[in-house]
Amino acid sequence: MNTNALSNLLAGAILAGGELGEEENTLIADIESDMELPGLADHVKQRLAAIGGYDDEKLADEFNQSADEIDVEDRPQVFEALISVTLADGVIREDEIANILTIAEALEIPIET
């Protein structure tokens with residue numbers, strides 16, 4: 001799996017909720033271990049710092065580019081990880097929902113209405 005692409009998407013899922021909290025840190029460490037991706041947590045922190053000032057259009061471009069780098073068979077697992085990170089603090093904000101929907105579209109995850 002492409003660690004940089006996954007890091008971008010995880011950072012995007014965290015970004016709308018504010019800063020990286022203890023719950024998200026723990027969950028990202030678990031994802032790093034489960035997916036056997038050493039350095040993932042550090043990459044996520046770097047990407048959070050990098051994309052923090054992006055506007056919505058630039059974020060969407062970043063998500064689309066990262067999603068293209070995720071293998072199709074890995075996308076459901078990646079999306080599940082993103083949802084878990086978004087819900088890690090027990091609160092879901094409107095911005096987080098918007099980011100998740102944008103990422104779902106980029107990953108070509110079907111969205112039922």
Side-chain angles (χ1 to χ4, degrees):
M1 175 152 336
N2 183 320
T3 303
N4 290 331
L6 179 57
S7 298
N8 271 344
L9 296 173
L10 286 168
I14 294 166
L15 184 64
E19 57 191 53
L20 186 63
E22 183 179 330
E23 298 90 355
E24 290 91 354
N25 269 319
T26 300
L27 191 53
I28 289 171
D30 291 344
I31 292 168
E32 178 177 337
S33 175
D34 292 346
M35 292 185 170
E36 299 178 1
L37 296 169
L40 178 68
D42 289 336
H43 279 106
V44 170
K45 290 174 188 171
Q46 291 169 359
R47 293 312 303 153
L48 269 170
I51 67 174
Y54 289 6
D55 63 21
D56 290 345
E57 186 176 330
K58 177 76 172 158
L59 270 178
D61 289 344
E62 192 79 16
F63 295 157
N64 284 320
Q65 180 180 353
S66 296
D68 287 345
E69 296 173 15
I70 301 289
D71 291 335
V72 173
E73 62 271 6
D74 291 333
R75 290 178 181 191
Q77 181 183 15
V78 167
F79 191 66
E80 184 178 326
L82 297 171
I83 294 294
S84 296
V85 168
T86 302
L87 296 174
D89 62 1
V91 177
I92 189 157
R93 294 168 183 80
E94 194 172 320
D95 288 346
E96 289 174 311
I97 293 169
N99 279 4
I100 287 297
L101 291 175
T102 300
I103 293 170
E105 184 178 336
L107 288 170
E108 299 177 355
I109 302 290
I111 300 172
E112 295 183 23
T113 57

Please find the pair of heavy atoms, one from [X] and one from [Y], that lie closest to each other, and give the distance.
{"X": "E32", "Y": "G39", "answer": "OE2-N, 3.0 Å"}
{"X": "I28", "Y": "A41", "answer": "CG2-CA, 3.7 Å"}
{"X": "G12", "Y": "N99", "answer": "O-ND2, 2.9 Å"}
{"X": "A106", "Y": "R75", "answer": "O-NH1, 4.2 Å"}
{"X": "G21", "Y": "E24", "answer": "N-OE1, 2.9 Å"}
{"X": "I100", "Y": "A13", "answer": "CD1-CB, 4.2 Å"}

With a cut-off of 6.0 Å (strictly less than), are more than 12 heavy atoms of other residues, nucleotides or ligands near CG of D56?
->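 Counting other residues, nucleotides and ligands, CG of D56 stays at 12 neighbours or fewer.
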Measuring from [X]:[atom1] to [Y]:[atom2], what's the distance to the nearest 0.5 Å?
{"X": "L27", "Y": "E22", "atom1": "CG", "atom2": "CD", "result": "12.5 Å"}
{"X": "T102", "Y": "D61", "atom1": "OG1", "atom2": "CG", "result": "11.0 Å"}
{"X": "L6", "Y": "H43", "atom1": "CG", "atom2": "NE2", "result": "10.5 Å"}
{"X": "N64", "Y": "E108", "atom1": "CG", "atom2": "CD", "result": "9.5 Å"}
{"X": "T3", "Y": "L40", "atom1": "OG1", "atom2": "CG", "result": "6.5 Å"}
{"X": "E23", "Y": "I14", "atom1": "CD", "atom2": "CD1", "result": "11.5 Å"}

Check whether any side-chain heavy atom of K58 lies under 4.5 Å from a side-chain heavy atom of I51, and answer yes or no.
->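 Side-chain contact under 4.5 Å: no.
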Going by heavy atoms in the side chains, are Q77 and M35 under 4.5 Å from each other?
-> yes
For A5, which residues count as a side chain to side chain contact (heavy atoms under 4.5 Å, CB included) partner, sequence neighbours excluded?
->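 Counting only residues at least two positions away or on another chain, A5 forms a side chain to side chain contact (heavy atoms under 4.5 Å, CB included) with N2, S66, E69, I70.
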How would you list, by chain and number, every residue that makes a side chain to side chain contact (heavy atoms under 4.5 Å, CB included) with S33, sequence neighbours excluded?
->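 Not a single residue meets the side chain to side chain contact (heavy atoms under 4.5 Å, CB included) criterion with S33.
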Start with the C-alpha distance between R47 and E62, add both sets of side-chain angles, then the distance that settles side chain to side chain contact (heavy atoms under 4.5 Å, CB included), and finish with yes or no.
-> CA-CA 11 Å; R47 293 312 303 153; E62 192 79 16; 3.1 Å; yes
Do side-chain atoms of D71 reach the backbone of E73 as a donor and acceptor pair under 3.5 angstrom?
-> no
The single option from I31, I109, L9, I83 passing side chain to side chain contact (heavy atoms under 4.5 Å, CB included) against V78 =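 So, applying the side chain to side chain contact (heavy atoms under 4.5 Å, CB included) to V78 and each of I31, I109, L9, I83, only L9 qualifies.
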Positive for side chain to side chain contact (heavy atoms under 4.5 Å, CB included) with L15, one of L10, L59, L20 | L59
Test log, rule side chain to side chain contact (heavy atoms under 4.5 Å, CB included), inputs V91 and R93 = CA-CA 7 Å; V91 177; R93 294 168 183 80; 4.1 Å; yes
